[in-house]
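Structure, as structure tokens:
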Amino acid sequence: MPTPSPNEWTRIRIPIRRLDAENVGAFRKITNVELEAGKKWIVLDFSEVDFVDSSGLGAVVSLMKRLGEEGDIAVCNLSENIRGMFRLTRLDRIFPIYDTWEAALAEMHPKKG
Amino acid sequence: MRKCTQKKDDDEIRRLTLSIENDIRNVSLVGVSVGAICKTLSGMKKSVAWQLELAVVEAVNNAVMHAHVDYGSEKNRIEVVVEIDKNAVTFAVYDWGSPRGFLSQPPDLHEFDPSDPMTVPECGRGLFIIHGIMDAVRLTRRDNRNILTMTKYL
């Protein structure tokens with residue numbers, strides 16, 4: 001399996017069990033650190049996330065917009081419930097969804113400038 | 001004192017009232033409680049219990065965001081009444097905020113262009129999610145309180 005270089009995909013394991021209106025601030029702090037470090041290709045790992053509400057989804061969408069055309073974002077390790085929520089809100093049309101981080105690495109390629 | 005209305009076993013209606021200070025940090029208390037209650041219901045799938053928790057959280061979030069009342073006031077509280085009978089589970093979210101509109105039909109989820117991420121909205125999904133999960137949704141007003149009632153048939 002390919003190992004991402006520092007300029008390629010960055011895995012962010014979201015250390016928040018409930019990604020909700022109360023905790024979106026913490027999510028933004030975590031992702032801001034990576035953005036400020038110049039990370040542009042991000043995979044959000046939802047392994048530890050049990051619950052997401054619309055505020056949490058909004059924060060993920062906001063992150064995607066901040067990455068813009070120079071970056072990209074995907075998600076992995078969604079629970080079935082959270083994956084269902086992506087489907088319900090049609091965000092499964094926007095975000096590549098992978099079962100695991102390894103599956104994400106196996107399929108994604110670094111963007112060429 | 002909570003009055004428990006009980007007729008015959010088959011007609012038993014169980015009712016629980018949850019009350020929180022109008023603060024976003026308290027919403028998860030309601031959510032976790034609702035999720036735990038729903039998981040105990042006979043025949044309810046865990047996935048459905050999760051969805052009901054989500055719907056209630058979205059409703060309470062909506063109340064917190066729109067029902068601004070003086071902090072510390074007795075009216076700065078949001079109540080969630082959970083009512084369970086053999087046919088349905090109903091959640092009624094009460095807040096003291098100003099009257100506000102609510103779509104009786106599921107709102108459009110802003111059709112966006114999957115090839116253009118900038119068209120994807122960052123907010124506005126809460127009501128859409130509620131309508132997508134619950135079988136019946138309505139907003140009424142009584143005694144100066146907004147009441148958002150959501151029902152899921154079992």
Side-chain angles (χ1 to χ4, degrees), chain A residues 16-28 31-32 35 40-42 44 46 48-75 78-97 111, chain B residues 20-36 38-39 45-66 106-134:
Chain A
I16 302 169
R17 290 194 64 186
R18 294 181 71 89
L19 185 53
D20 58 10
E22 179 185 1
N23 294 318
V24 287
F27 173 81
R28 290 194 182 105
T31 53
N32 281 347
L35 293 180
K40 294 186 183 299
W41 300 291
I42 290 175
L44 294 176
F46 279 74
E48 298 180 44
V49 184
D50 292 335
F51 183 86
V52 181
D53 70 4
S54 60
S55 302
L57 287 186
V60 175
V61 170
S62 176
L63 174 61
M64 175 192 66
K65 289 186 173 183
R66 289 185 65 189
L67 290 170
E69 293 185 1
E70 295 183 357
D72 207 351
I73 183 171
V75 297
L78 302 183
S79 69
E80 278 305 311
N81 290 325
I82 296 174
R83 189 183 286 246
M85 194 184 173
F86 270 71
R87 278 197 298 270
L88 174 63
T89 56
R90 302 176 204 159
L91 290 179
D92 59 336
R93 303 180 189 180
I94 296 295
F95 296 97
I97 298 175
K111 293 195 174 171
Chain B
I20 59 168
E21 185 81 20
N22 185 346
D23 187 318
I24 201 68
R25 294 169 296 181
N26 293 330
V27 177
S28 61
L29 300 176
V30 175
V32 170
S33 299
V34 165
C38 290
K39 283 176 189 171
K45 295 180 183 177
K46 288 183 180 177
S47 59
V48 175
W50 190 93
Q51 290 172 359
L52 296 182
E53 175 180 343
L54 175 60
V56 172
V57 164
E58 295 293 349
V60 179
N61 279 345
N62 188 265
V64 168
M65 282 190 287
H66 294 103
D108 290 332
L109 192 60
H110 310 289
E111 284 299 329
F112 51 81
D113 177 4
S115 66
D116 183 2
M118 292 303 149
T119 65
V120 181
E122 293 179 42
C123 59
R125 290 181 179 79
L127 298 181
F128 183 88
I129 289 169
I130 290 171
H131 279 284
I133 291 171
M134 308 305 288

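Numbered from 1 within each chain, the chains take letters A, B, ... in sequence-line order.
- Residue A/Leu88 holds its CG atom at 10.5 Å from CZ of B/Arg125, rounded to the nearest 0.5 Å.
- Closest heavy-atom contact between B/Ser28 and A/Glu22: OG-OE1, 3.9 Å.
- Contact detail for B/Trp50 and A/Ile82: the closest heavy-atom pair is CZ2-CG1, 3.9 Å.
- Looking only at heavy-atom pairs under 4.5 Å with chain B, the residue among A/Ala21, A/Ser62, A/Ala59 that has the most is A/Ser62.
- Of the two parts of A/Val52, only the backbone, made up of N, CA, C and O, holds a non-hydrogen atom closer than 4.5 Å to a non-hydrogen atom of chain B.
- When each of B/Val32, B/Ile133, B/Asn61, B/Val27 is scored by its heavy-atom pairs under 4.5 Å with chain A, the top score falls to B/Asn61.
- In this structure, the separation between CG on A/Asn81 and CG on B/Leu54 is 9.5 Å, given to the nearest 0.5 Å.
- In this structure, A/Lys65 contributes its side chain and B/Val120 its backbone to a donor-acceptor pair below 3.5 Å.
- A salt bridge between B/Lys46 and A/Glu80 is absent, with no side-chain N of the basic residue lying under 4.0 Å from a carboxylate O of the acidic one.
- When all heavy atoms of A/Val61 and B/Pro121 are compared, the closest pair comes out as CG1-O, 3.7 Å.
- Heavy-atom distances place the backbone of A/Asp50, and not its side chain, under 4.5 Å from chain B.
- A donor-acceptor contact under 3.5 angstrom links the side chains of B/Glu58 and A/Ser54, judged on distance only.
- Atoms CG and CD, from A/Leu63 and B/Glu122 in turn, are 10.0 Å apart once rounded to the nearest 0.5 Å.
- Taking CG of A/Leu57 as the reference point, atom SG of B/Cys123 lies at 12.0 Å (rounded to 0.5 Å).
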